[in-house]
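Following: one structure in structure tokens, then a few remarks.
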Amino acid sequence: MSPISATTKAALEELLETALRPAPADWLGIRFRGQMIGYIQPDYIASIKSYIDSTETPALALFGEHLHLENLTPYLLSQELQDLAEFLKKQGLAPGWRDESFSWLDDHGHERFRMERAIFRSLGFHSRACHINGYTAHQEMFLGMRSSNKATDPNMLDNLAAGGISADETLQQCVIRELWEEAGVPTEIARLAEPVGHIHVRRVVEPKGLHDESLYTYDLLLPDDFSPKNNDGEVSGFIKVPYAQAADLILEGALTPDAAAVAADFLLRKS
């Protein structure tokens with residue numbers, strides 16, 4: 001099989017180095033317990049201010065150039081933020097609503113609040129996801145084609161399986177669930193996925209929000225006779241390609257940005 005060239009490796013390394021981008025300077029920062037934890041694009045600020053003024057919520061306050069989350073208990077803060085989420089949904093400022101909650105964790109791993117996952121991008125909160133590289137003993141990778149009806153990055157290539165970590169879900173539970181839902185990997189094989197690292201990504205996404213996420217990465221060596229099959233309608237099909245071709249697809253922009261970073265890291269480790 002064709003090896004990955006030094007020039008291609010350098011391009012993959014550059015892709016990884018630029019995966020974590022700063023928030024735009026003119027976005028409104030959100031502070032919690034002295035830490036900047038989110039950013040709101042300018043077009044959303046008036047709606048946020050009107051919500052604070054009309055509801056007198058105990059969870060939010062504007063001080064100078066920042067929005068502050070008050071240090072309420074996780075349960076109370078979650079209730080208040082979910083009310084804000086419902087308001088933003090009515091305003092059309094919560095694209096991709098899923099009726100599913102994400103948790104925001106502090107530096108010690110404690111959940112400080114949870115709310116609808118779509119709002120994490122609207123407010124620039126840090127979220128978490130698992131991404132699994134599926135590969136064979138013959139230096140080939142499986143890539144999935146995202147369905148045309150996906151809310152984000154339709155018709156683009158993705159890792160074998162990937163997905164956000166829901167509130168109350170462990171990393172291992174997310175890996176096993178996503179592998180079954182997206183690629184039909186049975187539990188006895190999914191349990192063999194090897195945790196290999198973590199990639200922090202941040203970028204502006206359209207409609208304008210901030211995607212700030214930790215990608216927990218896994219490698220899964222698949223049997224030669226395995227053929228992935230989607231179970232949830234989110235993947236339209238799979239391709240199996242040599243490592244060098246996978247690298248070319250990454251650099252051509254055929255993969256989603258997150259999948260590209262995860263696959264690039266895999267190829268650099270394996271080459």
Is [X] reaching over with its side chain to a backbone N or O of [Y], donor-acceptor style, under 3.5 angstrom?
| X | Y | answer |
| --- | --- | --- |
| Gln41 | Lys208 | yes |
| Asn231 | Trp180 | yes |
| Gln173 | Thr170 | yes |
| Ser122 | Leu93 | yes |
| Thr136 | Asp224 | no |
| Arg114 | Glu111 | no |
| Asn159 | Ala162 | no |
| Asn230 | Gly233 | yes |
| Glu116 | Glu100 | yes |
| Arg146 | Thr152 | yes |

Apply the test ring pair (Phe, Tyr, Trp, His ring centres under 6.0 Å) to residues Phe102 and Phe120: give CA-CA distance (whole Å), side-chain angles for both, the deciding distance (0.1 Å), then the verdict.
CA-CA 8 Å; Phe102 275 176; Phe120 270 63; 5.6 Å; yes
Applying the 4.5 Å side-chain criterion to the ILVMFWY set and letting contacts propagate, would [X] and [Y] be lumped into a single cluster?
| X | Y | answer |
| --- | --- | --- |
| Leu160 | Leu268 | no |
| Phe125 | Leu72 | yes |
| Phe266 | Tyr218 | no |
| Met115 | Trp97 | yes |
| Ile132 | Val201 | no |

Spacing of [atom1] belonging to [X] relative to [atom2] belonging to [Y], to within rounding of 0.5 Å:
| X | Y | atom1 | atom2 | value |
| --- | --- | --- | --- | --- |
| Cys130 | Tyr216 | SG | OH | 8.5 Å |
| Asp83 | Thr55 | CG | OG1 | 8.5 Å |
| Met141 | Leu157 | CE | CG | 10.5 Å |
| Asp265 | Asn133 | CG | CG | 7.5 Å |
| Phe32 | Asn71 | CZ | CG | 5.0 Å |
| Lys49 | Asp53 | NZ | CG | 9.0 Å |

Counting only heavy atoms from other residues, nucleotides and ligands, does the tally under 6.0 Å from [atom1] of [X] exceed 12?
| X | atom1 | result |
| --- | --- | --- |
| Asp107 | CG | no |
| Lys270 | NZ | yes |
| Glu65 | CD | no |
| Glu56 | CD | no |
| Glu14 | CD | no |

Check ion pair Asp219-Arg269 (N to O, under 4.0 angstrom)
yes
Under 3.5 Å, is there a donor on one side chain and an acceptor on the other for [X] and [Y]?
| X | Y | value |
| --- | --- | --- |
| Ser147 | Asn149 | yes |
| His211 | Arg121 | yes |
| His126 | Ser214 | yes |
| Ser5 | Thr8 | yes |

What heavy-atom pair brings [X] and [Y] nearest, and what distance separates the two atoms?
| X | Y | result |
| --- | --- | --- |
| Pro154 | Ser148 | CB-O, 3.5 Å |
| Ala61 | Glu70 | CB-OE2, 3.6 Å |
| Gly184 | Phe226 | O-CE1, 4.0 Å |
| Ala244 | Ile4 | CA-CG1, 4.0 Å |

Can you classify the ring geometry of His110 versus His108 as parallel (below 30°), tilted (30 to 60°) or perpendicular (above 60°)?
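Tilted.
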The test is side chain to side chain contact (heavy atoms under 4.5 Å, CB included); show your working for Ile40 and Leu210 and say whether it passes.
CA-CA 8 Å; Ile40 306 171; Leu210 191 69; over 6 Å; no
Carefully, step by step, assess Phe238 and Leu143 under the rule side chain to side chain contact (heavy atoms under 4.5 Å, CB included).
CA-CA 6 Å; Phe238 293 88; Leu143 300 173; over 6 Å; no
